[in-house]
Participant: 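The following block contains the structure, expressed as structure tokens.
Per chain, numbering begins at 1; letters A, B, ... match sequence-line order.
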Number of protein chains: 2
Amino acid sequence: MAKTSSLEYALLGLLKQLPQSGYDLRKIFATTPMRHFSDSPGSIYPALRRMQGRKWLVAGAEGGNARKRQAFRVSRAGERALVEWLRRPITREDVIWRNQELALRFAFLDGNVEREFTRTFLDDLERELTDYTRELRDYARSMKSDSGPNTGLLAFQQGVEGYEAQLAWARRARKQLKEASYESR
Amino acid sequence: MAKTSSLEYALLGLLKQLPQSGYDLRKIFATTPMRHFSDSPGSIYPALRRMQGRKWLVAGAEGGNARKRQAFRVSRAGERALVEWLRRPITREDVIWRNQELALRFAFLDGNVEREFTRTFLDDLERELTDYTRELRDYARSMKSDSGPNTGLLAFQQGVEGYEAQLAWARRARKQLKEASYESR
DNA sequence: GTGCACATGTAATGTGTTACATGATTAT
DNA sequence: ATAATCATGTAACACATTACATGTGCAC
């Protein structure tokens, strides 16, 4: 069971929203806040190929001509893979090593899972962030003994504050979702 | 001119602070907040080898025996490489693609560059973060038209708030450094 | 003398990066 | 027709990950 890179899921999620070509996807990575993905052809076209090989994508039938624009759409199997990824339990390892990927997963929840799951996602994220920030703060106490503000300690604090900002966001997002569900009654 | 991975600079910075063995370094990655680096031998030992090849490190002379603990220390050339990395101008690309690496660089400033440079670093970081958050907020306005809170927009906001938290940190850090320099008169 | 933690290494694999190559379409 | 842009592809390379292999020193 080969692991799927987060680039592939990004492509899958985007193609689920709107079937389009590799070139279109590259332009998204080149010009929108999804910039942190590389727009190089050497990463995107091979990824699309791999996903075709797994039958997650089907290429829009374009006349036999190569070198012509061809849009991809997500197959049933592709949808299943996407949803499986979205529904994966959130672990502390996700928070530490794959934080960007978590944001990507959250962004793609709409339209792919029931609304209730979005709240579960935020609950789980809050739990992991709470645990992890507690651990980091404990660690900070143990290094505070050093004299004066040094850049090592400051850099560490930046990390902690980043996680705390994310935690604050998660709480607020949950509240907003609840309010929205009242309104829609 | 081969690019050096951020793992190698992490190792270099740690060894500059305290000469130690590959195993010691692995333990640091396994047990401290530097966890987001992998502690796998398959990444660390080859990296140390590469750096030895570049003469950035010298192995503590341990009797002919392999399989025995050997500490590395940073050579003059290694120090120069470290300082060159620390002093690199901060670009928007750093902020977007190599944010973690920026934090690492900041953490290693102490003891390797003059204190004045730390302020320059924070100034430059503030500038890039200010520009980039402005750009992100502009983009946010353009997608706000969609109805209600959707997870895509919320995920995007999380990203912006992360950068804003970092900006707030940078301002605060600069203030603290200034106060510390008053005290030390 | 057996087991466990210490300590280093390597081989297979997959993927991202960079740089280059090539054909198709549109504007001038 | 020619340049620019659209659109896809590939080859070389470096690196991280995973899993496995090997040896050392100490405790019991």
Participant: Any side-chain heavy atom of A/Arg174 within less than 4.5 Å of one from A/Asp123?
Facilitator: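 A side-chain contact under 4.5 Å exists here.
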
Participant: For DNA chain D, which residues of residues 23-42 of chain B approach it to below 4.0 angstrom with any heavy atom?
Facilitator: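 Close to the strand are B/Ser38, B/Ser40, B/Gly42.
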
Participant: Once you round it to whole Å, what is the distance between C1' of D/dA7 and CG of A/Leu48?
Facilitator: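 After rounding, the gap between these two atoms is 12 Å.
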
Participant: With a 4.0 Å cutoff (strictly under), does any side-chain N or O of A/Tyr45 reach OP1 or OP2 of D/dG9?
Facilitator: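 False: A/Tyr45 side-chain N/O out of range (4.0 Å or more) of D/dG9 OP1/OP2.
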
Participant: Give the rounded distance in Å between these two atoms: CZ of A/Arg98 and P of C/dT15.
Facilitator: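 Nearest whole value for this atom pair: 15 Å.
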
Participant: Report the distance from atom CD of A/Gln70 to atom C1' of D/dC6, rounded to the nearest whole Å.
Facilitator: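 Taking CD of A/Gln70 and C1' of D/dC6, I get 14 Å after rounding.
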
Participant: Only pairs at least two apart or in different chains count here, so list each side-chain hydrogen bond (donor to acceptor under 3.5 Å, both in side chains) that has a residue in residues 71-84 of chain B.
Facilitator: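 Passing the test, one end in residues 71-84 of chain B: B/Glu84-B/Arg88.
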
Participant: Between D/dA16, D/dG9, C/dT15, which nucleotide gets closest to the side-chain atoms of A/Ser5?
Facilitator: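 Taking heavy atoms from C-beta onward, the closest nucleotide is C/dT15.
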
Participant: Quick one: side-chain contact (heavy atoms from CB on, under 4.5 Å) partners of B/Pro41, sequence neighbours excluded?
Facilitator: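 Checked B/Pro41 against side-chain contact (heavy atoms from CB on, under 4.5 Å); matches are B/Arg26, B/Tyr45.
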
Participant: Charged N to carboxylate O below 4.0 Å: is that the case for A/Asp39 and A/Lys27?
Facilitator: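 So A/Asp39 does not pair with A/Lys27 through a salt bridge.
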
Participant: Nearest whole Å is fine: how far is C/dA7 P from B/Arg49 CZ?
Facilitator: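 Result: 17 Å.
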
Participant: Identify, with sequence neighbours excluded, every residue that meets side-chain contact (heavy atoms from CB on, under 4.5 Å) alongside B/Ala168.
Facilitator: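 side-chain contact (heavy atoms from CB on, under 4.5 Å) check on B/Ala168 returns nothing, list empty.
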
Participant: So, does B/Arg69 get its side chain near the phosphate of C/dC6, meaning an N or O under 4.0 Å from OP1 or OP2?
Facilitator: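 It does not, given that no N or O in the side chain of B/Arg69 lies less than 4.0 Å from OP1 or OP2 of C/dC6.
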
Participant: The criterion is salt bridge (charged side-chain N to carboxylate O under 4.0 Å, His left out); which residues satisfy it with B/Glu135, sequence neighbours excluded?
Facilitator: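 So B/Glu135 forms a salt bridge (charged side-chain N to carboxylate O under 4.0 Å, His left out) with A/Arg35, B/Arg92.
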
Participant: What's the CZ-P distance between B/Arg50 and D/dA14, to the nearest Å?
Facilitator: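 Taking CZ of B/Arg50 and P of D/dA14, I get 10 Å after rounding.
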
Participant: Sort and list the pairs that fulfil ring-ring contact (aromatic ring centres under 6.0 Å, His included) and have at least one residue in residues 104-137 of chain B, not counting sequence neighbours.
Facilitator: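 Every ring-ring contact (aromatic ring centres under 6.0 Å, His included) pair that includes a residue of residues 104-137 of chain B, provided the two are not neighbours, is B/Phe106-B/Phe121, B/Phe106-B/Trp169, B/Tyr132-B/Tyr163.
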
Participant: With the side chain of B/Ser43 defined as its heavy atoms from C-beta on, choose the nearest nucleotide among C/dT8, C/dG16, D/dA16.
Facilitator: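 Between C/dT8, C/dG16, D/dA16, the one nearest the side chain of B/Ser43 would be D/dA16.
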
Participant: Once you round it to whole Å, what is the distance between P of C/dT18 and CD of B/Glu93?
Facilitator: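 Distance, rounded to whole Å: 11 Å.
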
Participant: What is the distance from CG of A/Leu7 to P of D/dA16, rounded to the nearest Å?
Facilitator: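 Spelled out: CG on A/Leu7 to P on D/dA16 is 19 Å.
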
Participant: Considering only C/dT15, D/dT18, D/dT17, which nucleotide approaches the side chain of A/Glu8 most closely?
Facilitator: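 Per side-chain heavy atoms of A/Glu8, the pick is C/dT15.
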
Participant: How long is the line joining CG of B/Leu11 and P of C/dT8, in whole Å?
Facilitator: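 These atoms are roughly 13 Å apart.
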
